[in-house]
Amino acid sequence: MAQDSYKQHCRQEADTAGFAKKLAASLRDFFLLHPRAHLNISLEGELGAGKTTFARYLIQALGFSGRVKSPTYTLCEPYPLNMSNPDDSKNPNIVANHFDLYRMRDPLEWQEAGFAENFDEAGFCLVEWPDKAAGTLPPFDITIQLSSVSDENAREISISAISQDGVNILESLFSGENE
Ligand code: ADP
Ligand code: MG
């Protein structure tokens with residue numbers, strides 16, 4: 001039976017990178033089938049949990065070769081990506097919008113800053129600190145929670161599907177695994 005929630009234990013940062021790479025492969029398959037789709041993915045967890053680190057590995061695994069900086073001061077950093085040919089970033093067919101809402105003082109600041117349309121374009125939004133927008137964001141398809149565990153470099157990643165698209169992506173992500 002399809003599950004809509006999984007936990008991944010990462011003993012070190014390389015495991016987090018590996019998991020981001022697997023999610024990237026599932027997202028690529030999804031966008032090859034649904035090139036005009038839009039997905040919303042939350043990244044939750046304490047400061048230092050690894051949200052930005054995970055986003056960076058994910059965006060790079062999808063073919064972005066430049067620097068993925070933290071969007072703390074800009075609220076959002078967009079990354080044009082090409083799903084059929086990762087090396088062809090000059091002809092993007094989706095955009096990954098990486099948000100960090102930590103510094104927002106008002107839940108609607110992201111709309112006032114002109115980012116509402118980023119939630120409609122083909123591609124996906126990855127949102128750190130969604131709670132700062134207190135119920136003003138469109139619904140999430142997938143939520144990802146990172147938490148620190150015993151070891152300094154270990155993290156637990158919980159990933160849950162909210163929408164049917166999310167369920168399908170998680171199914172492809174974990175198919176063939178028996179953990
Ligand atoms: P956040 O965005 O959640 O505040 P960052 O990604 O900015 O967190 O910082 C996480 C820090 O933890 C980085 O310095 C990263 O190198 C480190 N780190 C150590 N182990 C891991 C791991 N297993 N997964 C992710 N980050 C890790
Ligand atoms: Mg961060």
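As the structure lists them, so they are numbered: ligands from 1, and atoms in each ligand from 1.
Panel note: side chain N82, backbone N91; a donor-acceptor pair is recorded below 3.5 Å. Under a 3.5 Å cut-off, the side chain of N93 and the backbone N or O of M83 do form a donor-acceptor pair. Looking only at distances, no side-chain donor or acceptor of K51 sits under 3.5 Å from a matching main-chain atom of W129. Here the side chain of R155 pairs a donor or acceptor atom with the backbone of A49 at under 3.5 angstrom.
Ligand 1 lies under 4.0 Å from heavy atoms of Q12, E13, T16, E46, L47, G48, A49, G50, K51, T52, T53, E128, N153, R155.
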Might you work through the side chain to side chain contact (heavy atoms under 4.5 Å, CB included) test for V95 and L81, ending with a clear yes or no? CA-CA 6 Å; V95 178; L81 303 168; over 6 Å; no

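With a 4.5 Å cut-off on side-chain heavy atoms, L146 and I144 count as touching.
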Counting only pairs under 3.5 Å, give me each side-chain donor-acceptor contact of residues 35-45, with atom names and distances, residues two or more places apart or in other chains.
residue: H38; atom: ND1; partner: E121; partner atom: O; Å: 2.7
residue: H38; atom: ND1; partner: G123; partner atom: O; Å: 3.4
residue: H38; atom: NE2; partner: N40; partner atom: OD1; Å: 2.8
residue: H38; atom: NE2; partner: F119; partner atom: O; Å: 3.4
residue: N40; atom: ND2; partner: P139; partner atom: O; Å: 3.1
residue: S42; atom: OG; partner: E44; partner atom: OE2; Å: 2.6
residue: E44; atom: OE1; partner: Q145; partner atom: NE2; Å: 3.0

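For A17, the side-chain contact (heavy atoms from CB on, under 4.5 Å) test picks out Y57, with sequence neighbours left out.
The ring pair (Phe, Tyr, Trp, His ring centres under 6.0 Å) with F99 is formed by just one residue from the set Y79, W110, F115; it is F115.
Below the 2.8 Å limit, the Mg ion (ligand 2) has as protein N, O or S neighbours T52 OG1, E128 OE1.
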